[in-house]
Amino acid sequence: MKVHVVPPGLWLVAWAWVGAWVRVGGVAMRVLVTGATGRLGRVAVPRLRDEGFTVRAVSRRPRDGAGVEWVVADLGTGAGLAEAVAGMDAVLHLASSPGRRTHEIDVLGTRRLAVAAGHAGVRHLVYVSIVGVDRVPLGYYRHKLAAEQVVAAGPVPWSVLRATQFPGFLADLLRGASRLGPVLGDPAVLAQPVDPGEVADRLAVLLLAGPSHRTEDFGGPEVLRFDEAARAWLAARGSRRPVVPLRIPGRLGRELRAGGLTTTATPTGVRTWADHLADTYGGTGGR
Ligand SMILES: NC(=O)c1ccc[n+]([C@@H]2O[C@H](COP(=O)([O-])OP(=O)(O)OC[C@H]3O[C@@H](n4cnc5c(N)ncnc54)[C@H](OP(=O)(O)O)[C@@H]3O)[C@@H](O)[C@H]2O)c1
C-alpha cells in the first residue's frame, strides 16, 4: 500500500485551521464515530465536537452525553448500521474487538460498515490501525491488516492512519504482567507510546483533508525499552516490585525487539510516557 507523506509543517498548519475550516463552510461536517466509548473514542468525540464537527457516536448500548447524538449499532451483526451512517459526510471507524470475535467484528464488521456507508453516499471513511500490523506476527494484527484491506477495497473513498500504542494500553499490559508480583517481560521489547488526544487531533486533520489513502504513521515522541517503561511505571506508583526478564521467543520476540511496534515517521506526538504517568498518578503513588 502506498504511503502518502504530508510535509511535517503542514500538520501543524492544518491543525491550526481545523476549527476555522469546519465552521467557515457554514455547515458543519457530519461524522459518525464508531468505537466512541473506547480509549481513543472517549477523547476523539469531545475534541471533534469542540472543533465544530457534528458528531454521531456509536455504541452497542444506548447512551447519552458528551453533547453528541448517540446511536446503537453492532458491527458483529450489522444491526443499526444503515441508520447510523444515514446522512453522514464521513465515518471515523475506531471500533475494534481485540479479545473476542475479532474476525467477525474487525474484518467482517468493517466490511458491513463500509458497504452501509457506500449505500448511504458517505464520502470518506477514516480507519485507525496500528503501527506494525504488517510486521509483527500477532493474530489481532492480522485482523487489523485485513480490515485495512477491506477499507481500501471498499466502496467509500478512504484514509488509514496507523498509530503506535496508547499509554493506557501499555499500563494495562504492565498491570497484567505484574499479576504474579514482579513485572515479567522481555526487557528489550521496544514501544513508542502516543497520546490518544494527539492521535484524535491527527484524525480530525485527516477528516478535513479528505480521502488520503494510507498516510504516514504516527508515533509518540520517544522509543522506550520495556524495562525502562516498566521501571518508570513502578516508580510512579511507588512500587518496589522487581522487573524480571522473560525473553519472548521466536519471530514475535525478534520483531518486537527490532522495533516492529515503532516508527521513524515524523512529526511525532509530544506527550511522553512520563507525562502520562504524572497525569495518572500525580506523584501520589496511587494504584
Ligand atoms: N489501544 C492502543 O494502544 C491502540 C493503538 C493504536 C491503534 N489502536 C486502534 O484504535 C482503535 C481504538 O482503540 P481503543 O483502544 O480506543 O479501543 P477500546 O478501548 O478497546 O474500545 C473498543 C470500542 O469498540 C467498540 N466495539 C466493540 N465491539 C463492537 C461491536 N461489535 N460493534 C460496535 N462497536 C464495537 C466498543 O464500543 P461499545 O462497547 O460501546 O459498544 C468500544 O468503543 C482500534 O481500532 C485499535 O485497533 C489502538
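Indexing begins at 1, ligand by ligand and atom by atom, following the structure's order. Numbers for residues simply follow the sequence, beginning at 1.
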Next item on the list: Consider only side-chain heavy atoms of I, L, V, M, F, W and Y, link residues closer than 4.5 Å, and tell whether Leu234 and Leu184 are in one cluster.
Entry: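 Leu234 and Leu184: separate clusters.
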Applying a heavy-atom cut-off of 4.0 Å, say which part of [X] lies close to ligand 1: side chain, backbone, both or neither.
{"X": "Asp74", "result": "both"}
{"X": "Tyr140", "result": "side chain"}
{"X": "Arg42", "result": "neither"}
{"X": "Leu170", "result": "neither"}
{"X": "Lys144", "result": "side chain"}
{"X": "Arg63", "result": "side chain"}
{"X": "Pro98", "result": "neither"}

Check: Has Arg231 got its NZ or CZ under 6.0 Å from the middle of the six-membered ring of Trp233, at an angle within 45 degrees of the ring axis?
Finding: no
Which residue holds the protein heavy atom closest to [atom], what is that atom called, and what is the gap in Å?
{"atom": "atom 44 (C) of ligand 1", "value": "Leu94 O, 3.3 Å"}
{"atom": "atom 43 (O) of ligand 1", "value": "Thr37 OG1, 2.7 Å"}
{"atom": "atom 35 (C) of ligand 1", "value": "Arg60 NE, 3.7 Å"}
{"atom": "atom 6 (C) of ligand 1", "value": "Thr164 O, 3.3 Å"}
{"atom": "atom 10 (O) of ligand 1", "value": "Val128 CG1, 3.4 Å"}
{"atom": "atom 19 (O) of ligand 1", "value": "Arg39 N, 2.9 Å"}
{"atom": "atom 24 (O) of ligand 1", "value": "Ser96 N, 3.2 Å"}

Any N or O of [X] closer than 3.5 Å to N or O of ligand 1:
{"X": "Leu40", "answer": "yes"}
{"X": "Leu75", "answer": "yes"}
{"X": "Phe166", "answer": "yes"}
{"X": "Ser59", "answer": "yes"}

Atoms in ligand 1 with a heavy atom of [X] nearer than 4.0 Å:
{"X": "Gly76", "value": "31 (N)"}
{"X": "Ser129", "value": "6 (C), 7 (C)"}
{"X": "Gly38", "value": "16 (O), 18 (P), 19 (O), 21 (O), 42 (C), 43 (O)"}

Check: Thinking salt bridges, do Arg63 and Glu69 make one under a 4.0 Å N-O criterion?
Finding: no
